[in-house]
Amino acid sequence: MPELPEVEVLVHHLQPVIAGKRIRAVQVNRVKILQPTSLSAFKRALQGATFRNLSRRGKYMVFELSAPSSRKKFAVLGHLGMTGKMYVQKKKATLPKHAAVVLDLGAERFVFEDTRYFGRMTLDTSALAHLGPEPLGKEFTAAYFAGQLQKSRQPIKVKLLDQSLVAGIGNIYASEALFLAGIAPSRPADSLTRVEQRDLVRAIRKTIAAAIRLGSTVPLNFGPDPSDALFYFGRHPDAVDYYEESLRVYDRAGKPCINCGSAIQRVVQGARSTFFCPACQKS
DNA sequence: CACCATGTTCCTTG
DNA sequence: CCAAGGAACATGGT
């Protein structure tokens, strides 16, 4: 489930696993994943390079590497799309069916698996320039938020998915944050009161921070071959869906609101599902 | 077979 | 040029 919190948890776990590792060979099974970078340019850059650091910006992963001899640093941008996973496994482990990119690290291999191939692993970092502030950063203030919302008549739920407004909110946490703030998803962005703007900033921060905390409690070393796979996220076979159950409205259509018992509703906005409580969220 | 899915980009339309 | 809406991308689950 790659929204900001899932990417954050993955980056936290993956960073120490790949730092200092040198790439011996580059295998690309789906060139589309690299675009707009060409296969040859990607291979040329990564072959022999060493992972130095890994960080996150919005839903993007920023890999910093150093070139073989020159030690010159460069960046690779990663995005998990809808179904992407990145992990390191032993080389004797079976490669997944949809391994888009495989990097030989010696005894281990780095795998970017992506069933639907909506993800990216590319030398083009220009997407970062279009991102709004980090929701947990100090630049995401009520004043900034108010200024941006005033310029738009889009439904607030749709506006929250705009990565240039605030980076990292996806379809799940947009519904969750609006529920926490008590604001109906259909409200035009420019109709929020000053108090609602402030409440929504707080709700976004709280929702994202709580998800990161929860994700951090889920062990990532599981999967088809638990001993040697590091998944970006998921659920431990013994840990019973703890993460999923923490969602208050998302995917709970027809079920009782945890506050008032009313049936949670599902509506479609901008071709995506939105979940909300018609009683608790003010229209 | 139908519909749904955590994301982004591109194309139309106004 | 901008805003808004929707399809497209590709595969799998229910």
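Computed from a predicted model, the values in this text were never measured in an experiment. Naming: A, B, ... by sequence-line order, numbering from 1 per chain.
As judged by a 4.0 angstrom heavy-atom cut-off over every strand, G270(A) is placed among residues making no nucleic acid contact.
A stacking contact between Y117(A) and dT11(C) is absent: the pair does not combine a ring-centre distance of less than 5.5 Å to the base's six-membered ring with planes differing by less than 30°.
Residue I33(A) contributes atom CD1, which lies 10 Å from atom C1' of dA10(C) at whole-angstrom precision. Summarising the geometry, the separation between CG on L160(A) and P on dG7(B) is reported as 12 Å, rounded to the nearest angstrom. Atom-to-atom, CE of M61(A) to C1' of dG7(B) comes out at 15 Å; the value is rounded to the nearest Å. Atom CG in L131(A) sits about 9 Å away from atom P in dT9(B), given to the nearest Å. Between the CD atom of Q269(A) and the P atom of dG5(C) there is a distance of 10 Å, rounded to whole Å. Spacing between atom NZ of K151(A) and atom C1' of dA3(C) amounts to 13 Å, rounded to whole angstrom units. Taking atom CG of L161(A) as the reference point, atom P of dA4(C) lies 14 Å away to the nearest angstrom. Rounded to an integer number of Å, the gap from CG of D251(A) to P of dC4(B) is 12 Å.
Closest contact between the side chain of R153(A) and the listed nucleotides dG7(B), dA5(B), dA4(C) involves dA4(C). Nearest to the side chain of T115(A), among dT9(B), dG7(B), dG12(C), sits dG12(C). Considering only side-chain atoms of S273(A), the nucleotide from dG7(B), dC4(B), dA4(C) that sits closest is dC4(B). Listed candidates were dT11(C), dT9(B), dA4(C). Nearest to the side chain of S152(A) is dA4(C). The nucleotide whose nearest atom lies closest to any side-chain atom of Y60(A) is, among dT9(B), dA4(C), dG7(B), dT9(B). The side chain of R30(A) lies closest to dT11(C) when the candidates are dG7(B), dT11(C), dT8(B). Ranking dA5(B), dA10(C), dG7(B) by closeness to the H79(A) side chain, first place goes to dG7(B). Of the candidates dG12(C), dG7(B), dC4(B), the closest approach to any side-chain atom of K97(A) belongs to dG12(C).
OP1 and OP2 of dA5(B) both lie 4.0 Å or more from every side-chain N or O belonging to R116(A). Contact between the side-chain N/O atoms of K59(A) and the OP1/OP2 oxygens of dT8(B) is found at a separation under 4.0 Å.
Using a 4.0 Å cut-off between charged nitrogen and carboxylate oxygen, R57(A) and E134(A) count as a salt-bridge pair.
One distance of note links CD of Q197(A) with CD of Q150(A); it measures 6.0 Å at 0.5 Å rounding. A distance of 7.0 Å separates CZ of R187(A) from OG1 of T193(A), quoted to the nearest 0.5 Å.
Looking at DNA chain B, the stems built from 3 or more consecutive Watson-Crick or G-U wobble pairs, each pair with its key distances under 3.5 Å, are B:2-5 with C:11-14, B:7-14 with C:2-9.
Among L103(A), V26(A), V102(A), the single residue meeting the side chain to side chain contact (heavy atoms under 4.5 Å, CB included) criterion with F110(A) is L103(A).
Judged purely by distance below 3.5 Å, without hydrogens or angles, the side chains of S126(A) and D124(A) pair a donor atom with an acceptor atom.
Closest-nucleotide positions on DNA chain C for K32(A) and H98(A) were compared, and the one nearer the 5' end corresponds to K32(A).
If you take atom P in dC11(B) and the same atom in dA10(C), they sit 15 Å apart, rounded to whole Å.
Judged by a 6.0 Å distance limit and a 45° cone about the ring axis, R248(A) is not positioned over the six-membered ring of F179(A).
Across K59(A) and L4(A), no two heavy atoms sit closer than the pair CG-N, 4.0 Å. For the residue pair V7(A) and R56(A), the shortest heavy atom distance occurs at CG1-CG, 3.6 Å.
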